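Labels below follow one simple rule: chain letters A, B, ... track the order of the sequence lines, proteins then strands, and each chain is numbered from 1. Computed from a predicted structure; not experimentally measured.
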Number of protein chains: 2
Amino acid sequence: MLHLSKKIEYGLIALRHIASEVNGCVVTAKEISDKYHISYELLAKVLQKLTREGIIISYQGVKGGYILARKPDQIKLSDVIYAIEGKSNISLMNCEAEKPEMCNIFSTCTIKYPLAKIQDIINNVFNDVTISEIV
Amino acid sequence: MLHLSKKIEYGLIALRHIASEVNGCVVTAKEISDKYHISYELLAKVLQKLTREGIIISYQGVKGGYILARKPDQIKLSDVIYAIEGKSNISLMNCEAEKPEMCNIFSTCTIKYPLAKIQDIINNVFNDVTISEIV
DNA sequence: ATAAATAGGACTAAAAAGGTCGTATATATA
DNA sequence: TATATATACGACCTTTTTAGTCCTATTTAT
Ligand code: SF4
Ligand code: SF4
């Protein structure tokens with residue numbers, strides 16, 4: 001119910017791997033999927049999403065691969081989750097996640113404000129932790 | 001991805017309602033499902049689970065219903081989640097949730113210990129918050 | 001006896017997550 | 001310039017989880 005998705009875990013494992021690589025060396029999706037026994041296609045798509053959000057930089061073609069776009073301590077856990085799953089998925093409640101009254105109980109719900117406080121705490125945790133802390 | 005399930009939300013709304021009821025009065029599942037527009041059957045099962053775990057006390061038969069088993073400040077959010085969804089669902093990773101190597105990446109996974117630290121923080125949050133704080 | 005309540009299992013439907021496939025594009029280098 | 005190796009990305013399928021329904025049993029105040 002609070003589980004990080006496999007995509008997030010794969011993304012973090014990959015980022016950790018890329019971060020701990022010797023300077024300048026690109027890392028390919030295949031290398032990572034082989035080393036950690038992750039589905040290549042799935043990992044590839046995760047890395048593509050991280051690329052689109054500017055967390056890593058990709059080089060196409062032969063000798064291509066990925067490097068970090070910025071230092072590990074500049075990549076927040078919340079950035080990674082946002083890039084892979086979208087901002088909505090970091091929130092505890094659907095009414096926080098989706099824009100309006102996605103929840104058909106919204107008007108009578110008595111717990112949304114109390115839960116929002118917990119949400120803040122969780123947000124702070126995910127904003128404070130960076131990739132440098134998982135290397 | 002971090003969403004609380006509807007069951008948890010329904011449980012919290014119900015507990016809040018029961019907690020704010022005038023002393024001694026039992027509350028029925030029907031009252032709650034009507035007032036907050038929640039599926040009666042689903043709510044009923046949630047309340048049954050809360051009863052089984054000793055969070056609320058049930059009275060059967062006519063004039064039956066539910067009261068809190070202990071004071072609101074003695075009911076932790078983690079108790080509620082545990083009662084409704086089971087202990088495993090409060091954890092960020094499957095390897096924490098399920099007993100052994102539920103995850104087929106476990107041996108090569110490089111992020112489980114870093115994530116365990118985040119897990120601790122999350123656990124503290126859910127252990128610290130009680131029903132009295134959502135009333 | 002009856003009506004109003006909880007108890008709880010079995011089942012179905014809907015949504016989310018996980019994973020695969022096919023094809024396009026870029027590029028180093030032989 | 002042909003080729004092999006890499007990323008890019010959408011479409012699709014399968015599995016798992018969540019949400020919700022239905023039915024029947026039991027308890028108990030009146
Ligand atoms: S309105 Fe209440 S029940 Fe609905 S999503 Fe928000 S917190 Fe949850
Ligand atoms: S071993 Fe790693 S990938 Fe597997 S569940 Fe644990 S943290 Fe997640």
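The CG-C1' distance, from B:Leu4 to D:dT17, rounds to 15 Å in whole Å. In this structure, the NZ atom of B:Lys7 is 13 Å from the C1' atom of D:dT21, given to the nearest Å. Atom CD of A:Glu53 and atom C1' of D:dA8 are 15 Å apart (whole Å). Atom CG of A:Leu47 is separated from atom P of C:dG19 by 15 Å (rounded to the nearest Å). Separating the NZ atom of A:Lys45 from the P atom of C:dA17 is a distance of 14 Å, rounded to the nearest angstrom. Between the NE2 atom of A:His3 and the P atom of D:dT18 there is a distance of 8 Å, given to the nearest Å. Per the geometry, CG belonging to B:Leu42 stands 15 Å off C1' belonging to C:dG9, to the nearest Å. Distance CG (B:Asn104) to P (D:dT16): 12 Å, rounded to an integer number of Å.
Closest to the side chain of B:Glu41, out of D:dT7, D:dT21, C:dG8, is D:dT21. Listed nucleotides: C:dA7, D:dC9, C:dG19. Nearest to the side chain of A:Tyr10: C:dG19. Candidate nucleotides C:dT20, D:dA6, C:dA3 were compared by shortest atom distance to the side chain of B:Val62, and C:dA3 ranks first. Checking C:dG19, D:dT18, D:dT21 against every side-chain atom of A:Met1, the shortest atom distance belongs to D:dT18.
Looking at B:Lys30, its side chain has no donor and acceptor atom pair within 3.5 Å of the base of C:dT6. Checked by distance alone, B:Gln60 brings no side-chain donor or acceptor within 3.5 Å of a matching partner on the base of C:dA5. Scanning atom types as modelled, no donor and acceptor separated by under 3.5 angstrom connect the side chain of B:Lys63 and the base of D:dT27.
Side-chain contact check for B:Leu12 versus A:Leu115: some heavy-atom pair is nearer than 4.5 Å. In this structure, the side chains of B:Asp79 and B:Ile131 stay at 4.5 Å or more apart for every pair of heavy atoms. Side-chain contact between B:Thr108 and A:Lys35: absent, with no pair of heavy atoms (C-beta onward) separated by less than 4.5 Å.
In terms of phosphate contacts, A:Tyr59 brings no side-chain nitrogen or oxygen within less than 4.0 Å of OP1 or OP2 of C:dT25. Note on B:Ser39: a side-chain N or O is less than 4.0 Å away from OP1 or OP2 of D:dT21. Listed pair B:Ser58 / C:dA7 meets the phosphate criterion, a side-chain N or O lying under 4.0 Å from OP1 or OP2. Listed pair B:Tyr40 / D:dG20 fails the phosphate criterion, with no side-chain N or O lying under 4.0 Å from OP1 or OP2.
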Determine whether B:Glu133 and B:Thr130 satisfy the following criterion, side chain to side chain donor-acceptor pair (under 3.5 Å), listing intermediate values before the conclusion.
CA-CA 6 Å; B:Glu133 278 149 90; B:Thr130 69; 3.2 Å; yes
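Mapping A:Gly64 and B:Glu85 onto DNA chain D by nearest heavy atom places A:Gly64 closer to the 5' end of the strand.
Of all heavy-atom pairs between B:Pro72 and B:Ala19, the closest is CG-CB, 4.0 Å.
Nucleic acid contact for B:Ala29: sugar-phosphate only, since backbone atoms but no base atoms lie under 4.0 Å from a heavy atom of the residue.
A:Ile121 CD1 to B:Phe126 CZ: the interatomic distance, rounded to the nearest 0.5 Å, is 9.0 Å.
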